[in-house]
Amino acid sequence: MGTSTRFRERVYAAVKRIPPGKVCTYKTIAQMLGCKAYRAVGGALRANKHPMIIPCHRVVCSDGRVGGYFGRKASAKKVKLLKGEGITITKGKVLGFGGVLWR
DNA sequence: CGCTTGACACCGT
DNA sequence: AACGGTGCCAAGC
């Protein structure tokens with residue numbers, strides 16, 4: 001494992017609870033942790049070395065845009081993973097965002 | 001200990 | 001709708 005911090009572990013714990021076919025936002029994760037560190041949440045996910053265990057592809061932007069993946073602003077891989085769970089992405093945004101939003 | 005960097009969010013224009 | 005500036009906060013140097 002890479003550098004382990006309490007903050008990151010809290011982020012990972014929250015992300016692991018997102019069920020397949022649903023998405024959550026960086027903002028919501030931060031709120032669950034009791035803070036507004038939206039960007040720090042992205043930073044924690046960027047450090048995630050176990051995407052198969054921590055489903056970070058289910059974390060998207062608050063306006064429905066897919067957001068980044070593995071340090072990149074955009075990723076076809078992230079879109080593919082989401083589509084594989086039944087989520088439709090149109091023009092880089094989650095279709096029916098409110099309906100697939102978890103929590 | 002201080003400055004910079006983000007896988008973001010929000011507001012004004 | 002699309003930019004651009006500002007704010008949030010952990011991590012890295």
Side-chain angles (χ1 to χ4, degrees):
Chain A
M1 297 275 281
T3 308
S4 140
T5 67
R6 196 183 329 290
F7 182 77
R8 283 178 180 169
E9 298 197 1
R10 284 181 191 159
V11 171
Y12 298 156
V15 172
K16 279 195 283 190
R17 292 200 290 276
I18 306 173
K22 292 288 184 180
V23 297
C24 195
T25 71
Y26 299 95
K27 176 185 177 182
T28 302
I29 299 288
Q31 293 178 326
M32 284 189 238
L33 303 186
C35 66
K36 303 171 204 167
Y38 329 114
R39 305 193 71 169
V41 170
L45 296 182
R46 173 186 157 300
N48 172 30
K49 298 296 185 298
H50 303 280
M52 323 307 260
I53 301 173
I54 315 279
C56 53
H57 61 280
R58 294 179 191 142
V59 184
V60 301
C61 299
S62 290
D63 63 357
R65 285 177 304 180
V66 176
Y69 198 60
F70 277 107
R72 273 156 270 170
K73 305 176 197 169
S75 171
K77 181 67 177 174
K78 184 168 181 177
V79 171
K80 203 174 181 90
L81 286 170
L82 290 171
K83 285 188 175 179
E85 298 183 351
I87 293 175
T88 303
I89 307 296
T90 304
K91 307 246 192 277
K93 299 187 72 171
V94 176
L95 186 62
F97 186 49
V100 296
L101 199 47
W102 177 71
R103 248 169 169 284

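The chains referred to below are lettered A, B, ... by the order of the sequence lines, with proteins before strands, and numbering in each begins at 1. The model shown is predicted, which means the values in this text are computed figures rather than measured ones.
Side-chain contact between A/Val60 and A/Arg65 is absent, with no heavy-atom pair separated by less than 4.5 Å. A 4.5 Å side-chain heavy-atom check between A/Leu45 and A/Tyr26 finds at least one atom pair inside the cut-off. Contact of the A/Val23 side chain with the A/Leu101 side chain is registered, since non-hydrogen atoms from C-beta on lie closer than 4.5 Å. Side-chain contact between A/Phe7 and A/Val41 is present, with at least one heavy-atom pair separated by less than 4.5 Å.
Read 5' to 3', the first and last nucleotides of DNA chain B with an atom closer than 4.0 Å to a heavy atom of chain A are B/dG6 to B/dC10.
Summarising the geometry, the separation between CD on A/Gln31 and P on C/dC8 is reported as 15 Å, rounded to the nearest angstrom. In this structure, A/Arg8 atom CZ and C/dC9 atom C1' are separated by 13 Å, rounded to whole Å. The distance from atom CZ of A/Arg39 to atom P of C/dG5 is 14 Å, rounded to the nearest whole Å. Here the C1' atom of nucleotide C/dA10 and the CD atom of A/Glu9 are 14 Å apart, to the nearest Å. To the nearest angstrom, C1' of C/dA11 lies 15 Å from CZ of A/Arg6.
When heavy atoms are screened at a 4.0 angstrom cut-off, A/Phe7 is found touching the sugar-phosphate backbone but no base atom.
Every residue meeting the side chain to side chain contact (heavy atoms under 4.5 Å, CB included) condition with A/Glu85, not counting sequence neighbours, appears here in chain and number order: A/Pro20, A/His57, A/Arg58.
Each of A/Gly42 and A/Lys27 has a nearest nucleotide on DNA chain B; the 5'-most of these lies closest to A/Gly42.
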